[in-house]
Amino acid sequence: MCGHCGCSSAVHDETAHGHEHVHADGTRHSHSHDHHHDHGHHHHHEHSAVIALETRILAKNDALATKNRAWFAGREMLALNLVSSPGAGKTTLLERTIRDLGGELAIGVLEGDQATNLDRERIRRAGAPAVQLNTGTGCHLEADMVARGLEELRPDFGSVLLIENVGNLVCPAMFDLGERAKVALLSVTEGEDKPLKYPHMFRAASLLILNKIDLLPYVDFSVEHAFQHAREVNPAIEVLALSARSGEGLHCWYDWLRREAIAARAI
């Protein structure tokens, strides 16, 4: 986890009640001291402080996300937040989508990563404008980052904004960016039980895309069970299966994208 979003466990450092010695040779060791008489009281205050911090961070983010959502609505834009584990194939899916639909839909991309501009360059080579949002130690994008990215991207009226979030199935579930929907990607090279292990993410998503189905003959993965688990945590979630590499099933994703773009313009 990260300290940036307030979910760090650093406040529960087990050496907090001890002290450390540094020897001449550079070695270190700690001496812990038990303070059983006030540990519960101290822990209670730390826990309350963490909850208060998280509440303030999320409230500030939600307020900015509301502004983003109004900005998108005023420009009749469809904004989607793409979330997944690292390596599920988000960037490859975006590249294929841009190449196939670029003449039909005006598409812009905000690329979220902790470091590098590699994915931004991939998106630009595919034919769409893209802005890189690097989070450093942060494990997710936030609404203010998206707002700053929009100032640089300057998306067209009525366009589609695809936001590729940092690869992480935990923190991005908590942070609204102002998007119309979260789209969760799961690949067949991951476990089919991911929706059960990370229920908050799949509960927050409107669409689950199962990617890399061209690899199904080579992996032990049940599509039926994966979709069943997703519906257990989110009965309303839509599901589809495709391969961004081979193109199989992409028409279902494109139909969903067209439908949502029309709905966004009708608001």
Side-chain angles (χ1 to χ4, degrees), residues 1-2 5-7 54 57-58 61-62 65 68-69 78-94 97 110-114 135 138-143 146 160-216 219-244 248-250 252-257 259-260 263-264:
M1 298 287 214
C2 68
C5 65
C7 59
E54 290 177 349
I57 290 173
L58 290 173
N61 182 82
D62 287 348
N68 288 347
R69 186 168 287 108
L78 170 63
L80 299 175
N81 184 0
L82 276 66
V83 294
S84 77
S85 300
K90 296 189 301 297
T91 310
T92 301
L93 178 62
L94 292 184
T97 301
L110 295 180
E111 274 293 339
D113 274 308
Q114 288 191 321
T135 63
C139 58
H140 58 275
L141 294 177
E142 296 182 12
V146 169
V160 174
L161 176 69
L162 301 177
I163 306 168
E164 182 175 349
N165 217 314
V166 179
N168 182 351
L169 283 177
V170 182
C171 294
M174 300 164 53
F175 285 81
D176 182 10
L177 305 180
E179 71 273 13
R180 178 177 173 84
K182 284 184 174 66
V183 176
L185 267 72
L186 176 67
S187 72
V188 303
T189 55
E190 303 173 75
E192 61 201 33
D193 56 358
K194 276 288 177 69
L196 299 180
K197 290 183 175 180
Y198 301 92
H200 298 294
M201 178 59 77
F202 291 89
R203 193 173 294 127
S206 299
L207 174 67
L208 168 60
I209 295 177
L210 180 63
N211 191 24
K212 304 186 182 182
I213 60 172
D214 53 307
L215 298 179
L216 280 172
V219 295
D220 184 13
F221 186 96
S222 169
V223 175
E224 179 183 356
H225 289 165
F227 287 167
Q228 177 183 337
H229 294 328
R231 291 184 175 116
E232 285 179 33
V233 300
N234 182 359
I237 197 168
E238 295 184 66
V239 297
L240 58 88
L242 57 79
S243 168
E248 182 181 359
L250 277 174
C252 296
W253 158 239
Y254 296 161
D255 287 346
W256 187 91
L257 200 56
R259 186 190 75 196
E260 291 300 311

Go through the steps to decide whether V183 and V83 satisfy the test side-chain contact (heavy atoms from CB on, under 4.5 Å), and finish with yes or no. CA-CA 6 Å; V183 176; V83 294; over 6 Å; no
Rounded to the nearest 0.5 Å, how far does CG of N68 lie from CD1 of I163? 8.0 Å
Which value, rounded to the nearest 0.5 Å, describes the distance between L257 atom CG and C252 atom SG? 12.5 Å
CG/N234 to NE2/H200 distance, rounded to the nearest 0.5 angstrom? 13.0 Å
Give me the atom names and distance for the closest heavy-atom approach of S85 to E190. OG-OE1, 3.0 Å
Mind listing the closest non-hydrogen atom pair of P172 and K182 along with its distance? O-CE, 3.3 Å
Considering all heavy atoms of both residues, which atom of R203 and which atom of V233 are nearest to each other, and what is their separation? NE-O, 3.4 Å
Say you draw a straight line from CZ of F175 to CD of E142; how long is it, rounded to the nearest 0.5 Å? 4.5 Å
Who passes side-chain hydrogen bond (donor to acceptor under 3.5 Å, both in side chains) against E238, sequence neighbours left out? W256, R259
Suppose we screen for side-chain hydrogen bond (donor to acceptor under 3.5 Å, both in side chains). Which residues come up paired with D176, at least two apart in sequence or across chains? R69
Mind checking the CG-CG spacing from L80 to L161? Nearest 0.5 Å is all I need. 8.0 Å
Distance, nearest 0.5 Å, that separates CG of L93 from CG of L185: 5.5 Å
